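Computed from a prediction, not measured in an experiment: that's the story for all the values here. Note: hydrogens, waters and symmetry copies are ignored here, and every other heavy atom, side chains too, is used. Lettering follows sequence order; numbering is per chain, from 1.
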Number of protein chains: 2
Amino acid sequence: MTQPDNPSLRTRQRQQREAQLLQLARHILQHEGFAALSMDRLTALSDVSKGTIYNHFCSKEDVLTALSISSLQRLNLLFQRAVQHGTHSRECALALHYCYCLFGESEPALFLCLFSAATPAVLEKASPERLALRLQLEQQLLAQCEQLIQQACLHLVLPPAAGTLVSHYAYLNWALAFGSNALFAPGQHLGLFRQISLSDVCLQGVNLLFDGMGWQPLSTQQDYQQYWRQLDLQLKPGLLEIIHKELS
Amino acid sequence: MTQPDNPSLRTRQRQQREAQLLQLARHILQHEGFAALSMDRLTALSDVSKGTIYNHFCSKEDVLTALSISSLQRLNLLFQRAVQHGTHSRECALALHYCYCLFGESEPALFLCLFSAATPAVLEKASPERLALRLQLEQQLLAQCEQLIQQACLHLVLPPAAGTLVSHYAYLNWALAFGSNALFAPGQHLGLFRQISLSDVCLQGVNLLFDGMGWQPLSTQQDYQQYWRQLDLQLKPGLLEIIHKELS
DNA sequence: ACCTGAACACCGTTCAAGT
DNA sequence: ACCTGAACACCGTTCAAGT
């Protein structure tokens with residue numbers, strides 16, 4: 001029979017190598033651009049053969065999907081940390097948006113993976129296993145948002161409305177956060193929105209959306225810009241630690 | 001000297017062929033998927049040689065960018081038509097969102113081109129000329145939004161705020177519209193948001209955003225769901241005509 | 001001036017041979 | 001059981017030759 005430690009050791013080594021490969025892929029994206037990411041290039045930078053790389057990823061697009069998964073895992077951790085910071089539900093929700101914005105600003109390459117991995121060309125060639133994992137992680141993120149919204153309804157600081165309110169609200173929060181971040185990078189690249197600060201516009205967008213929802217206290221009653229600055233001072237260092245843990 | 005008609009004829013023929021090639025590319029994307037779009041496949045379906053195709057597009061990614069440009073041109077036309085429909089500025093702005101949503105729903109493949117063309121892998125390999133044209137068209141779209149917002153401020157139905165209000169508001173509208181549409185397609189693909197209607201969630205998002213901005217009349221004062229249905233009845237046919245003009 | 005398609009280089013993917 | 005890298009197929013891109 002095999003030794004009891006052997007399989008777990010193998011698994012650990014395998015995971016470690018996969019993390020190294022993803023690290024290298026990230027390096028290529030960051031320093032040589034997305035067009036430079038090829039299996040050849042990845043093989044050249046790694047210390048394994050092409051066949052071994054295909055033992056981890058079924059296609060080049062699967063590599064991008066794996067990077068998007070590690071982004072989602074990191075976002076989940078950020079959310080878990082940030083949601084504890086606020087003193088009421090609207091502050092907590094704002095803290096989640098702060099996480100998303102911070103992630104996009106401090107790790108643009110990883111955010112662009114998240115963006116690119118949602119593209120049909122990538123979705124079509126990613127492995128079913130990774131797509132399932134991605135779905136699970138996105139559901140986890142959504143669940144954190146929905147829980148917060150539900151809590152706000154229960155505490156009567158968020159007026160109830162008809163229909164599938166909670167999932168719609170969560171969708172719209174996600175859409176606004178994703179859209180704000182996704183527009184920014186290519187916009188800058190093209191020369192659009194040159195005078196806009198991502199952080200400012202995200203904060204403003206969330207304020208408007210939450211005010212529209214009637215989520216109390218409204219931005220006329222509390223200065224959320226000040227809370228955002230508070231997040232910068234109190235939460236940012238811990239979040240950056242999470243983002244950079246086991247990165248580079 | 002050359003005949004006076006010759007150059008314009010040449011140009012027209014050239015444009016016509018380019019339109020045909022884009023039409024074929026669209027056909028591949030729609031019926032065979034994004035992964036199936038290759039210069040070989042495009043050549044096979046066309047009646048010209050590969051070299052001629054490279055005479056129009058500097059790369060495969062340039063083809064996607066060209067399709068995103070024709071999407072933007074169509075959106076511009078839709079906006080021009082729709083903005084005239086409303087009886088006050090908030091209705092006009094809602095009509096613009098209606099256009100975006102309708103475009104995403106009725107031409108998902110073209111919307112996905114818009115989405116994919118914002119991806120770094122595509123941006124890096126598109127021709128500078130097309131990127132410049134794209135920038136121009138996006139600025140045109142933005143200008144239409146900003147004009148509407150400015151008008152609302154002048155008519156005192158949109159409370160003025162500090163700083164670069166107008167461009168921020170336009171950015172957020174775009175981010176919400178883009179995000180709502182962009183999340184939907186891959187979400188459906190993954191199995192996320194299965195119970196959500198794109199149209200419903202877009203309308204709700206815009207209502208919340210505009211209410212948050214204080215854009216009068218608020219959604220508590222006017223039933224915008226009814227106006228949305230009105231757009232379905234009165235505006236949709238004309239818009240679909242614009243969308244499908246010179247398409248398949 | 002423009003079109004052609006063979007040619008080339010590179011890249012994605014596989015798999016027989018090796019350990 | 002896993003790794004290797006040669007081999008293959010396909011794809012993106014170019015360009016000498018042709019009209």
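- Counting to the nearest Å, the C1' atom of D/dC10 and the NZ atom of A/Lys125 are 10 Å from each other.
- The distance between atom NE2 of B/His56 and atom C1' of D/dT13, rounded to the nearest whole Å, is 16 Å.
- A/Ile53 has its CD1 atom 13 Å from the C1' atom of C/dC11, to the nearest Å.
- Across all strands shown, A/Arg17 has heavy atoms under 4.0 Å from sugar-phosphate atoms exclusively, and none from any base.
- Put simply, OH on B/Tyr54 is 14 Å from C1' on C/dG5, counting in whole angstrom units.
- A/Asp40 has its CG atom 13 Å from the C1' atom of D/dA7, to the nearest Å.
- Base engagement by B/Thr52 is indicated by at least one non-hydrogen atom pair under 4.0 Å involving a base atom.
- Paired runs in DNA chain C that reach 3 or more consecutive Watson-Crick or G-U pairs, where each pair keeps both distances under 3.5 Å, cover C:4-8 with D:12-16, C:12-16 with D:4-8.
- Residue A/Arg41 contributes atom CZ, which lies 12 Å from atom P of C/dG12 at whole-angstrom precision.
- Between the side chain of B/Ser46 and the backbone N or O of B/Thr43, at least one donor-acceptor pair lies under 3.5 Å.
- For A/Asn76 and A/Gln144, the side-chain atoms include at least one donor-acceptor pair closer than 3.5 Å.
- No donor-acceptor distance shorter than 3.5 angstrom exists from the side chain of B/Ser180 to the backbone of B/Ala177, with no hydrogens or angles considered.
- Between the side chain of A/Lys50 and the base of C/dT14 there is no donor-acceptor pair of N/O atoms closer than 3.5 Å.
- The aromatic rings of A/Phe178 and B/Phe115 stand perpendicular to each other, their planes meeting at an angle above 60°, with 30° marking the opposite boundary.
- Taking atom CG on B/Leu42 and atom P on D/dC10, their separation rounds to 18 Å, with Å as the unit.
- Taking only side-chain atoms of B/Ser49, from C-beta outward, the nucleotide of C/dT13, C/dG5, D/dG12 with the closest atom is C/dG5.
- Counting only distance, with no hydrogens or angles, the side chain of B/Arg134 and the backbone of B/Ala117 share a donor-acceptor pair below 3.5 Å.
- Donor-acceptor pairing under 3.5 Å is recorded for the side chains of B/His97 and B/Asn173.
- The shortest distance between the side-chain N/O atoms of A/Asn55 and the OP1/OP2 oxygens of D/dC3 is below 4.0 Å.
- Nucleotide D/dT13 holds its C1' atom 13 Å from the CG atom of B/Asp62, rounded to whole Å.
- Between A/Phe193 and B/Trp174, the angle of the ring planes goes over 60°, which puts this pair in the perpendicular group of the 30/60° scheme.
- Ranked by how close their nearest DNA chain D nucleotide is to the 5' end, A/Arg14 and B/Ser59 are led by A/Arg14.
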